[in-house]
Amino acid sequence: MNLPKLNNFQIDDVIKSALREDITSWDLSTNAIYEDNKLAKISLISKDNGVVSGLDVFKRTFKILDDEIFFVDYKKEGDEVSHGDLILEIIGKASSMLSGERVALNFLQRMSGIASLTKNMIDALDDPNIAIVDTRKTTPNLRIFEKYSVRVGGGNNHRYNLSDGIMLKDNHIDAAGSIKRAVELVRKAEPFIKKIEVEVENLDMLREALDSNVDIIMLDNMDIDTIKEAINIVDGQALIECSGNIEIDNISRFRNLKIDFISSGSLTHSAKSLDFSLKNLRYIDEWNSI
């Protein structure tokens, strides 16, 4: 699986912010019960069926609290897991494990839910010629984690942010006065290396976009018969993306259409978190007894 690398420079600030939210001063429960230097082992167990995503973020959460914690892996990123599967074991100070538990699980559960939904959407479409891509409908400050998880689930990423690509939507077109004028303004202002995508809502807008020689056309909220007509009109002159209220229960209607992409905000805004749990904490006497 060819995945982007989540490096510490990108993720540490987000993780630290989440830890500060959960531990404003100190962990009252853990500090009262667990001796700081007491060593233990605990197991990460899957309580759901799905695709695991975010193991590096999960581990990094603990490492930020305690660099001496380490892990024994039984599953890897992108693996399909079932209820009851052992994902990994954490070994280190019991106090560090308990203080980082909730934040680490929150990241892992959210990311794995997105990866699982993405895989299920791909399976429901069942057409390897159409790429399923995400949108910018992500949780604030978690976009890098959520778009990464779409990739873990087998999907692809649309533009990462507003600086990453040119997409002219209805409000841009209204502000410019027409598709033609909007494209002209963009071509004057932006580098020639950037592709231009235009969102169209009907066939007249489609023809205007084609006359403007755009690179990608998004067919927004069109019914299947209109999409088929649009495909014939485009006839290879631009890449085609379909979007608009596309969910797992209706994505199969696009199967075998000659389009290039399906974008769905539901991959990130409607994914149900996958359930994991840290269980079976047990003390160990010393490192060499592991």
Side-chain angles (χ1 to χ4, degrees), residues 1-19 44 46 50-64 71 73-81 87-88 100 103-123 125 127-167 191 193-195 197 215-216 218 239 241 243 246 260-274 276:
M1 183 184 298
N2 185 21
L3 294 174
K5 179 66 176 175
L6 292 176
N7 60 56
N8 294 345
F9 171 79
Q10 294 169 298
I11 68 177
D12 275 8
D13 285 348
V14 178
I15 296 173
K16 289 176 182 178
S17 177
L19 286 169
L44 175 65
S46 176
V51 177
V52 64
S53 175
L55 288 174
D56 283 348
V57 178
F58 178 87
K59 294 175 182 178
R60 185 62 183 163
T61 303
F62 290 103
K63 281 288 190 180
I64 287 173
F71 308 88
D73 296 318
Y74 296 95
K75 298 288 184 181
K76 64 181 185 300
E77 193 82 334
D79 278 355
E80 292 187 46
V81 297
I87 310 301
L88 58 77
V103 171
L105 285 172
N106 285 348
F107 282 128
L108 184 69
Q109 291 178 161
R110 174 70 180 152
M111 293 175 71
S112 297
I114 291 170
S116 300
L117 178 57
T118 302
K119 181 185 182 301
N120 291 339
M121 290 273 279
I122 292 169
D123 290 345
L125 175 62
D127 188 336
N129 296 314
I130 303 173
I132 295 179
V133 303
D134 52 28
T135 71
R136 287 168 38 247
K137 295 178 181 178
T138 54
T139 308
N141 296 321
L142 295 183
R143 181 170 294 172
I144 190 170
F145 297 157
E146 296 183 349
K147 281 184 168 282
Y148 166 85
S149 296
V150 168
R151 295 279 294 273
V152 174
N156 290 270
N157 298 141
H158 208 289
R159 58 179 179 164
Y160 183 78
N161 57 32
L162 294 174
S163 302
D164 196 36
I166 300 166
M167 179 185 289
I193 60 172
K194 293 289 187 181
K195 291 184 177 181
E197 179 170 5
D215 301 291
I216 309 165
M218 177 195 285
L239 297 173
E241 174 184 341
S243 188
I246 300 173
D260 301 284
F261 310 104
I262 291 174
S263 57
S264 176
S266 69
L267 295 177
T268 50
H269 70 58
S270 295
K272 177 182 178 294
S273 293
L274 214 66
F276 295 92

Could you tell me whether a side-chain N or O of N161 sits under 3.5 Å from a main-chain N or O of S163, the two making a donor and an acceptor? yes
Should I64 and R60 be marked as a side chain to side chain contact (heavy atoms under 4.5 Å, CB included) after you check the CA-CA gap, both sets of side-chain angles, and the distance that decides it? CA-CA 6 Å; I64 287 173; R60 185 62 183 163; 3.8 Å; yes
With sequence neighbours left out, the residues meeting side-chain contact (heavy atoms from CB on, under 4.5 Å) with T139 are R110, L142, E146
One should read off an interatomic distance between S149 OG and L117 CG, to the nearest 0.5 angstrom, of 11.5 Å
Heavy atoms of N157 and K147 approach each other most closely as ND2-O, 3.0 Å
To the nearest 0.5 Å, atom CD of E241 lies from atom CD1 of I216 at 7.5 Å
In this structure, CG of L267 is separated from OG1 of T135 (nearest 0.5 Å) by 7.5 Å
OG of S53 to CZ of R151, rounded to nearest 0.5 Å, is 11.5 Å
Using a strict threshold of under 4.0 Å (side-chain N to carboxylate O), is an ion pair present between D123 and K119?
yes
Of all heavy-atom pairs linking S112 and V52, the shortest is OG-CA, 3.5 Å
* Start with the C-alpha distance between L108 and L55, add both sets of side-chain angles, then the distance that settles side chain to side chain contact (heavy atoms under 4.5 Å, CB included), and finish with yes or no. => CA-CA 7 Å; L108 184 69; L55 288 174; 4.0 Å; yes
One should read off an interatomic distance between F107 CZ and D56 CG, to the nearest 0.5 angstrom, of 13.0 Å
Note: M121 and S264 closest approach over all heavy atoms is CE-OG, 3.6 Å
To the nearest 0.5 Å, atom CG of D134 lies from atom OG1 of T118 at 7.5 Å
Below 4.5 Å, heavy atoms only, C-beta onward: do I114 and V150 meet side chain to side chain?
yes
- Message: Any carboxylate oxygen within less than 4.0 angstrom of a Lys/Arg side-chain nitrogen, looking at E197 and R159?
- Response: no
Residues A131 and N156: closest non-hydrogen pair is CB-ND2, 3.7 Å
Side chain to side chain contact (heavy atoms under 4.5 Å, CB included), that's the test. Do L44 and F58 meet it? Break it down for me.
CA-CA 11 Å; L44 175 65; F58 178 87; 4.0 Å; yes
| Hey, are Y148 and E77 close enough side-chain-wise for a donor-acceptor pair under 3.5 Å? | yes
Closest heavy-atom pair, T268 versus K137, reported as atoms and distance to 0.1 Å, is OG1-O, 2.6 Å
Step by step, work out the side chain to side chain contact (heavy atoms under 4.5 Å, CB included) result for D215 and L239.
CA-CA 6 Å; D215 301 291; L239 297 173; over 6 Å; no
- Query: Is there side-chain contact between R136 and L162, with heavy atoms separated by less than 4.5 Å?
  - Reply: yes
Tightest non-hydrogen contact, residues V133 and F261, listed as CG1-CD2, 4.2 Å
(Q) Looking at N141, I'd like to know if its CG atom is crowded, meaning that more than 12 non-hydrogen atoms belonging to other residues, nucleotides or ligands lie closer than 6.0 Å. (A) no
